[in-house]
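Below: the structure, in structure tokens.
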Amino acid sequence: MHRPAPKEDINEDDLKVTEPEHAAAGLKAVMVSMERGFSEAGPSRTLRSMLRINQRGGFDCPGCAWPESITGARKPAEFCENGAKAIAEEASARTVTPEWFAQHPISVLQDKTEYWLGSQGRITNPMIIHAGETHYRPISWPEAFSTIAEHVNATTPDRCVFYTSGRTANETAFMYQLLARSLGTNNLPDCSNMCHESSGTALNPTIGIGKGTVSLEDFEHAEAIFVVGQNPGTNHPRMLSALADARKRGARIVAVNPLPEAGFFGFKDPQTVKGMLGKAEPICTDFLQIKVGGDLALFQAFGHLLLQFEGENPGSVVDHEFIASVTDGFEAYQQARSAIDWDATEKATGLTRAEITDVARLLAKSKATIICWALGLTQQPHSVPTLKEIINLLLLQGNFGKPGAGACPVRGHSNVQGDRTMGIWEKPTEKLLASLDEEFGIEAPREHGYDSTEALHAFEKDEIDVFVSMGGNFALANSETEALEAGMQRAKLTVHISTKPNRSHVVHGQTSLILPTLGRTDKDDKHPGGAQFLSVEDSMSVIHSTQGRLNPVSDHLLSEPVIVARMAQAILGDDHAVDWRAMAEDYDVVRDHISRVLPGFEDFNRRVREKNGFVLPNPPRDSRSFATDIGKGRFTVSEFEALEAPEGHLILQTMRSHDQYNTTFYGLDDRYRGIKDGRRVILIHPEDLQEAGFKDRDLVDVISTFRGTERRANRFRLVSYPTAKGCVAAYFPEANALVHRDLVARESNTPGFKAMMVRFVEHTEDPGPTLDS
Ligand SMILES: Nc1nc2c(c(=O)[nH]1)N[C@H]1C(S)=C(S)[C@@H](COP(=O)(O)OP(=O)(O)OC[C@H]3O[C@@H](n4cnc5c(=O)[nH]c(N)nc54)[C@H](O)[C@@H]3O)O[C@H]1N2
Ligand SMILES: Nc1nc2c(c(=O)[nH]1)N[C@H]1C(S)=C(S)[C@@H](COP(=O)(O)OP(=O)(O)OC[C@H]3O[C@@H](n4cnc5c(=O)[nH]c(N)nc54)[C@H](O)[C@@H]3O)O[C@H]1N2
Ligand SMILES: [Mo]
């Protein structure tokens, strides 16, 4: 029944291109998810896990952070094709054993793509390798922990880095940050630094909370919903049901994106007979095909137009009462938006004045607007001002704390928001540190630590001795792939707490450990008090439990909380102020600590056991109040700014295919965009293709330029595609080698993954190691 793991690696010459699709999901999606599950995990593991995804008492889907309903009934199958693929990936019955490592020298593994590595299966034993050795070999858990302790204690805390990927559950994250701070460092970079950091950076000073202000029920009341810089059909498919329902009620749904993504135009709901028969529900009423980086100009234009409509018909658009009572800075904003340069706006956005004005009219009419966004807005040099401009618009019409309205940053990893709530942050607040000190009798360090970009710099300067990675794949996720990998290889110790092999394991430090762990779907019952559960926070601040039920693929796996506790015991010694053992034995002990340290978690152990969990306080949503330093919502003024490609260059954005989860590839197809059996492609507008002097499917090398320096990535195929003119698109992580380390969003330091300036040259060089094996 099991499909063997691919023996051959990707052959990019197999690439096939068909017309992009015009609707997402449907029967095909269900078939794909079932097929994938059966071949990876077998029918019994598949059915057992699929039926528990996102059910009360089941486990939280590791696919994305889109919430489940807490008021209504849940459907028997509360998941999507891509959630099912994420589960199948984790529930895989294939194993990566010590024998497997003995058969695969590092030199061979370094030539494999992430697709091949990830599809080998679940790692079964702790493994170690030293510089100069050819193979990872098994090591016992006690020896692994003492190896970590030796290295950590041989250096200073500021030379140790503790990275977190956003799948980590709340309890684990809390213990992990406590370990770093007990040791004496705030070096806690996380995937959020590369993801929605710009959102928090823009929201905290303007609305007093770094999170979204809507709940799922608000989608039932909104009159207008904007979906900006986001591809929900692939990355948050369950969001399409909420959008389709809103559209059916007559809400206006506006997509703003350089790509005409399939999910915008139709949705075949696999939960309905109509959808199963292939009848698509329309989703968007309006589509603005914007140029990459043009959103700040667009939102400034909306602000200008709303104020103009208000002037023409006073009292019709602007919520003066709201502005006067709970906001600050309106006059300066009004002043700044009173004039507009339409030529510059049209050039920056690639949209016409008429198109922008039409959508501004619908925005003006809407009495309840939700603006959703994701990475298209967070990974730009001017992301923070762009997002502040969205907040201006929402404040202008009083779109906070009323049904159907608010800001909705749609998060990525299933618990990335919870990890931050738990204190995974390199810039912790004094309040958090003081309450950790008080609860545990430790002295948490006050100096800020490295974010992910600073960690990349520190690797390059040999300032990191020990790098511990709680999940994730830092080498491939970040910018400057080659330089980063070289830096990681010079570190004294790298430790990867992982489920499956990945690139970061094979570009390892002088000594490297792989510590295999239980995933979301796995049973965690080797505790004195019996089976344990964990908790997560979704994109809308709902905290709920998650518990896997599958038998782990090996007896040697430890849960993440147990791994953290045993690392801490080894590093900090048995007489450390924190009772690590008690936390590892019983996760209720962790939750009790959390309930005393973090606001909103009072009575955590009781409330997390309630049917739907509980919702964290959210002042803008709950009471139209803003916990900023001035106690008000803050209008801000930003300069006009857009991306401009130098002569002969185009703007490159990097994005996900339909068959990948970040650096993990489930397969090689991007079904909705019509790309099959290949990933090294550049989607390019037909006119740009012609102007650049190339033909469809030509093989090129890509050169990016930033402040006079160049980066190169070889052997990509140009594919003629209806993207916005002047803008091209490639997949993450293949294009990460092109991202200069200093190309980041101002203030948030998030890499500018969607803002590279590139040109193409005919392919000349050897394909390089990331291609065929
Ligand atoms: N199946 C699946 N689900 C996932 C993930 C996955 O890899 N696979 N990843 C998870 C994670 S960690 C995250 S953060 C989310 C990511 O979710 P998304 O943000 O949807 O992810 P991307 O694929 O990066 O898509 C970005 C979208 O922004 C558009 N875009 C690019 N530049 C601009 C711009 O300048 N302006 C505008 N308006 N749009 C722009 C792109 O065309 C694309 O549609 O998804 C999560 N869910
Ligand atoms: N060019 C470009 N680069 C990007 C982006 C982009 O849009 N463009 N997006 C950025 C974003 S939004 C993000 S979030 C980052 C993602 O960066 P990361 O979070 O670092 O990367 P992932 O690919 O999500 O991590 C996958 C690995 O996690 C491990 N894993 C999976 N499940 C578990 C588990 O349950 N426990 C543990 N311990 N390990 C597990 C597996 O070994 C797997 O190989 O990448 C960023 N990089
Ligand atoms: Mo993300």
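Just so you know, ligand 1 is whichever comes first in the structure, and atom 1 is the first atom listed for that ligand.
Looking at E114 next to ligand 2, no N or O pair under 3.5 Å apart turns up. Ligand 1 has a nitrogen or oxygen under 3.5 angstrom from a nitrogen or oxygen of D295. Here's the thing with R520: none of its N/O atoms is less than 3.5 angstrom from an N/O atom of ligand 2. Considering backbone and side-chain N/O of P501, none are found under 3.5 Å from N/O of ligand 2. Checking only distances, N736 does come within under 3.5 Å of ligand 2, N or O to N or O.
When hydrogens are left out, the protein atom nearest atom 32 (N) of ligand 2 is R167 NH1, 3.0 Å; that is the closest non-hydrogen contact. For atom 23 (O) of ligand 2, the closest heavy atom belonging to the protein is T663 OG1, 2.6 Å. Scanning the protein heavy atoms around atom 8 (N) of ligand 2, the nearest turns out to be T654 OG1, 2.9 Å. Here the protein heavy atom with the shortest distance to atom 19 (O) of ligand 2 is S165 OG, 2.7 Å. What sits closest to atom 30 (N) of ligand 2 on the protein, heavy atoms only, is T499 OG1, 3.3 Å. Nearest to atom 42 (O) of ligand 2 among the protein's heavy atoms is K500 O, 3.0 Å. The single protein non-hydrogen atom nearest to atom 36 (N) of ligand 2 is E560 OE2, 2.7 Å, given as residue, atom name and distance. Nearest protein heavy-atom neighbour of atom 17 (O) of ligand 2: A477 CB, 3.3 Å.
Ring geometry, F265 versus F287: the interplanar angle exceeds 60°, so the pair is classed perpendicular (tilted spans 30 to 60°). By the 30° and 60° cut-offs, the orientation of the rings of F162 relative to Y176 is perpendicular. Using a 30° and 60° split on the angle between ring planes, W141 and F145 fall in the parallel class, below 30°.
Checked by atom type and distance alone, the side chain of R94 pairs as donor or acceptor with a backbone atom of S119 at under 3.5 Å. The main-chain N or O of T97 is never found under 3.5 Å from a side-chain atom of T95 such that the two would form a donor-acceptor pair.
Contact atoms of ligand 1 toward H236: 15 (C), 17 (O), 45 (O), 46 (C) (distance under 4.0 Å to a heavy atom of the residue).
Here the shortest heavy-atom distance to atom 39 (N) of ligand 1, taken over G229, S414, G412, belongs to G229. Among Q653, M655, R411, the residue whose heavy atom lies nearest to atom 41 (C) of ligand 1 is Q653. The option with the heavy atom closest to atom 2 (C) of ligand 2, from among F474, F753, Y163, is F753. Looking at V292, L375, N231, it is L375 that brings a heavy atom closest to atom 16 (C) of ligand 1. Between the choices G233, A755, A724, G376, the shortest heavy-atom distance to atom 33 (C) of ligand 1 belongs to G376. Residue nearest to atom 28 (O) of ligand 2, selected from A730, G752, G472: G472 (by heavy-atom distance).
Side-chain contact annotation: N193 with N749, donor-acceptor N/O pair under 3.5 Å absent.
Proximity of K754 to ligand 2 is established by a heavy-atom distance of less than 4.0 Å. The shortest heavy-atom distance from R656 to ligand 2 is under 4.0 Å.
When all heavy atoms of M488 and V507 are compared, the closest pair comes out as CB-O, 3.8 Å.
Figure legend: R679 and F665 shown as a cation-pi pair, the cationic atom lying under 6.0 angstrom from the six-membered ring centre and within 45 degrees of its axis.
Contacts of H196 with ligand 2, taken as heavy-atom pairs under 4.0 Å, are absent altogether.
The pair E485-R503 meets the salt-bridge criterion, since a charged nitrogen lies less than 4.0 angstrom from a carboxylate oxygen.
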